[in-house]
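Below: one structure, written as structure tokens.
All figures in this text were calculated on a predicted structure; none of them were measured in a lab.
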Amino acid sequence: MAARPFPWAAAMGAGFGLLRLSPDAFWRMTPRELAAAVSALLPPAPERLSQPDLSALMARFPDLS
């Protein structure tokens, strides 16, 4: 599997547009620091469905195809 290039356009958009960072502050951040700053503004990820809960849903709503 080939490595994907770093998403600079999205990172700069988040840093400059969403976080309103100065260019100096943005370029001094590590990608991890930027991700942490952006994630603080996003809603928390929903909890994943457990295997027993998924099985119960599949039993309750079977695929009819």
Side-chain angles (χ1 to χ4, degrees):
M1 176 182 266
R4 295 182 318 202
F6 187 80
W8 284 111
M12 292 187 327
F16 299 134
L18 183 62
L19 299 172
R20 301 194 181 277
L21 296 171
S22 69
D24 183 60
F26 174 81
W27 290 111
R28 288 178 182 272
M29 293 180 96
T30 65
R32 246 178 232 219
E33 291 170 331
L34 180 61
V38 170
S39 69
L41 300 176
L42 300 175
E47 289 187 33
R48 293 187 178 186
L49 205 55
S50 69
Q51 185 61 48
D53 289 343
L54 176 60
S55 296
L57 278 174
M58 291 173 68
R60 187 171 173 197
F61 302 101
D63 186 2
L64 301 178
S65 58

Q: For Glu47, look at atom CD and say whether over 12 heavy atoms of other residues, nucleotides or ligands are found less than 6.0 Å away.
A: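 Not more than 12 within 6.0 Å, no.
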
Q) Once the angle between the rings of Phe16 and Phe26 is folded into 0 to 90°, is it parallel (under 30°), tilted (30 to 60°) or perpendicular (over 60°)? A)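 Because their plane-to-plane angle lies in the 30° to 60° range, the rings of Phe16 and Phe26 count as tilted.
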
Minimum heavy-atom distance between [X] and [Y], given as atom pair plus value:
X	Y	answer
Leu19	Ala37	CD1-CB, 3.7 Å
Arg28	Glu33	O-OE1, 4.0 Å
Leu21	Met29	CD1-SD, 3.4 Å

Q. What pairs with Ala35 under side-chain contact (heavy atoms from CB on, under 4.5 Å), at least two apart in sequence or on another chain?
A.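 Not a single residue meets the side-chain contact (heavy atoms from CB on, under 4.5 Å) criterion with Ala35.
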
Q) Does anything in residues 31-63 pair up under ring-ring contact (aromatic ring centres under 6.0 Å, His included), and if so which pairs, sequence neighbours excluded? A)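 Not a single pair qualifies under ring-ring contact (aromatic ring centres under 6.0 Å, His included).
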
Q. What's the spacing between Leu18 CG and Leu34 CG if we round to 0.5 Å?
A.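 With rounding to 0.5 Å, CG (Leu18) is 9.5 Å from CG (Leu34).
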
